[in-house]
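Here is the structure we will look at.
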Amino acid sequence: MRREETGETGQTGWGRRRAGVLAEQNFRRFYTGYVTSLLGTAMSTVAVAWAVLEDGGHASDLGYVMAANVVPQVLLMALAGAVADRFGRRPVMLAADVLRCAAQASLAAALFACRPALWLFVLLGLLRGTGEAFFSPALGALTVEIAPRDQLGNANALYGLASSATRIAGPALGGVLVALAGPAMVVAVDAASYIVSVIALSLLRVPGRSPSGGRTLLRDMIEGWADFRSRRWLWVITVQFAFFNLITWAPWMVLGPYLGRAYLGGAAVWGVIMGVQGAGAILAGLLSLGRRPSRPLVIATIGSFCYALPDITLALHLAAAWVAVAAFACGAGSALFGTFFGTAMQQQVPPERLARVNAASTVPAYGIGVIGYAIDGPLAAALGTSAVFAVGAVYGLLSSAVVLTLPSVRAVRWHDQAPAGGPELVLSGGPAQGSERGQPGGHGDDDRDR
């Protein structure tokens with residue numbers, strides 16, 4: 001029986017319902033390192049963008065650097081999910097953080113020494129992306145190991161709050177430090193933040209992995225893909241966000257800083273807009289703590305409508321204040337989507353296959369979305385930024401509307417019991433959907449992402 005059902009009242013019961021997961025030592029240790037590394041990354045994102053652009057770089061150059069971070073995730077994430085399920089999530093995440101620390105330390109050294117060529121930004125971006133490829137699919141699976149089952153929703157909300165808070169503090173601090181000390185100092189701080197994450201991961205105490213029973217990694221990957229394929233709601237949302245990253249999100253990430261520099265007021269204004277986006281996510285994340293919607297994917301999909309709003313404002317070349325309002329709403333929607341979509345996955349997928357299924361749901365989004373980072377600069381040069389953003393806004397709104405009408409999305413229900421090794425869904429009524437397990441082949445950040 002959950003604690004709130006025992007009739008307990010007062011501050012202790014309130015805190016348990018909303019943030020009781022922080023009482024778990026493992027989660028608290030990991031969360032400390034995770035927040036620190038997120039802050040470093042949020043700061044360095046601004047620094048890297050301005051380091052690329054300040055020496056005459058163009059939006060296309062920034063797109064190539066962003067693509068370099070994503071390409072390894074496309075190529076390696078499916079394998080990474082199987083490796084994490086096979087050898088343990090903690091050691092895989094440790095290795096990933098060590099690699100990302102080394103990449104950022106090398107970039108900082110290069111920035112201190114000279115103005116690096118574009119190829120060096122791309123090369124080190126590939127290394128950071130490799131680390132991300134192994135870290136991301138293991139994150140949700142590690143959460144199941146370090147958080148109580150009835151606190152998974154709160155754990156995901158706290159992850160969202162950490163991401164949102166660092167979006168406010170990170171770009172603001174990064175913009176100020178870039179102005180005062182240059183991009184190299186900010187990237188060096190990011191490298192140090194990964195050291196904190198490595199220490200936190202090293203202190204975790206999690207169960208050891210069970211023997212693989214002679215199975216190959218390929219067999220593990222096939223098993224994870226079959227589990228993914230058997231869940232209609234998961235692969236439909238995966239397809240939605242694969243093209244969403246290409247059409248709606250990539251212009252915001254690539255052309256947004258370019259327009260920020262061109263007409264919105266420069267690095268400081270763009271940093272404020274990114275901070276406002278984080279503020280919207282913080283508000284929605286706080287409101288999500290302790291919430292257990294009966295249909296989590298309906299709430300997640302409603303939140304996804306907000307992703308299109310910034311594209312609308314930039315398509316119309318509205319003033320910075322309107323862009324900030326849209327960014328605030330986008331942040332709120334992203335927090336709702338990330339919290340409840342991530343929790344639905346953790347509740348529906350057996351823990352021993354969670355990293356593989358998470359990888360299967362993420363790879364298509366990166367694989368298609370990375371194209372946008374490479375082509376949005378040339379498309380904007382040929383068609384204009386307004387046209388690119390307008391198409392992104394239309395797709396973002398229409399795709400969410402279509403997903404919301406699907407019975408398989410509305411059917412997924414909230415539950416706290418661990419799935420017993422099969423891909424059954426907990427539905428709003430009637431028997432669980434039939435499974436296609438055993439059939440090879442065939443979905444963020446959180447995603448989506450997403």
Side-chain angles (χ1 to χ4, degrees), residues 33-34 36-53 55 57 60-84 87 89-139 166 170 174 183-202 245 250 253-254 355 359 362-363 365-367 369-371 373-374 445 449:
Y34 182 67
T36 303
S37 65
L38 283 180
L39 179 61
T41 299
M43 293 170 61
S44 70
T45 298
V46 175
V48 170
W50 254 254
V52 172
L53 295 173
D55 197 29
S60 297
D61 296 330
L62 184 56
Y64 298 143
V65 174
M66 290 184 171
N69 283 274
V70 177
V71 167
Q73 299 179 56
V74 177
L75 299 178
L76 298 174
M77 194 172 286
L79 173 64
V83 169
F87 298 106
R89 290 72 185 253
R90 187 179 71 95
V92 169
M93 295 167 76
L94 272 169
D97 271 350
V98 169
L99 178 60
R100 292 189 291 182
C101 177
Q104 290 299 79
S106 299
L107 180 58
L111 288 169
F112 277 122
C114 61
R115 294 188 182 276
L118 180 63
W119 67 264
L120 184 59
F121 284 97
V122 172
L123 175 62
L124 295 176
L126 289 171
L127 293 179
R128 288 195 305 274
T130 299
E132 186 69 25
F134 282 86
F135 189 93
S136 293
L139 174 59
T166 55
M185 179 61 68
V186 181
V187 176
V189 170
D190 186 27
S193 75
Y194 284 116
I195 296 176
V196 177
S197 181
V198 166
I199 294 171
L201 283 164
S202 300
N245 283 345
M253 296 301 295
V254 175
T362 306
V363 168
Y366 281 114
V370 68
I371 300 171
Y373 293 136
D445 46 243
D449 15 43

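Start at 1 with the first residue, then count along the sequence. Any value given below was found using the heavy atoms of this structure, including those in side chains, with hydrogens, waters and symmetry copies removed.
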- Task: Would you check, one step at a time, whether the test side-chain contact (heavy atoms from CB on, under 4.5 Å) holds for Ser202 with Leu94?
- Result: CA-CA 7 Å; Ser202 300; Leu94 272 169; 3.5 Å; yes
- Task: Kindly determine whether Arg89 and Leu139 satisfy side-chain contact (heavy atoms from CB on, under 4.5 Å), including the steps that lead there.
- Result: CA-CA 7 Å; Arg89 290 72 185 253; Leu139 174 59; over 6 Å; no
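Among all heavy-atom pairs drawn from Ala84 and Val92, the shortest one is CA-CG2, 3.9 Å. Of all non-hydrogen atoms in Ala42 and Gly170, the two that sit nearest each other are CB-CA, 3.8 Å. Across every non-hydrogen atom of Val46 and Gly174, the tightest pair is CG1-C, 4.5 Å. The minimum heavy-atom distance linking Ala191 with Ala105 is given by the pair CB-N, 3.6 Å. In terms of heavy atoms, Val363 sits closest to Ala78 at CG2-N, 3.8 Å.
With a 4.5 Å cut-off on side-chain heavy atoms, Phe121 and Leu111 count as touching. Proximity of Arg100 to Asp97: side-chain heavy atoms (C-beta onward) are separated by under 4.5 Å at one or more points. With a 4.5 Å cut-off on side-chain heavy atoms, Cys101 and Val198 do not count as touching. Contact of the Val65 side chain with the Val48 side chain is registered, since non-hydrogen atoms from C-beta on lie closer than 4.5 Å. Side chains of Glu132 and Pro72 form no contact here, defined as non-hydrogen atoms less than 4.5 Å apart. Residues Thr362 and Gln73 have side chains not in contact (no heavy-atom distance under 4.5 Å, counting atoms from C-beta outward).
Interatomic distance, Leu76 CG to Ser136 OG, rounded to the nearest 0.5 Å: 12.0 Å. Expressed to the nearest 0.5 Å, how far CE of Met43 lies from OG of Ser193 amounts to 8.5 Å. Atom OG1 of Thr166 is separated from atom CG of Leu38 by 4.5 Å, given to the nearest 0.5 angstrom. Here the straight-line distance linking atom CG of Leu127 with atom CG of Leu107 works out to 10.5 Å at 0.5 Å rounding. Here the OG1 atom belonging to Thr130 is positioned 10.5 Å from the CE atom belonging to Met77, to the nearest 0.5 angstrom.
Side-chain atoms of Ser37 come within 3.5 Å of backbone N or O of Tyr34 as a donor-acceptor pair.
A donor-acceptor contact closer than 3.5 angstrom links the side chains of Tyr194 and Thr41.
Judged as a salt bridge (charged side-chain N to carboxylate O under 4.0 Å, His left out), and not counting sequence neighbours, Asp190 has no contacts.
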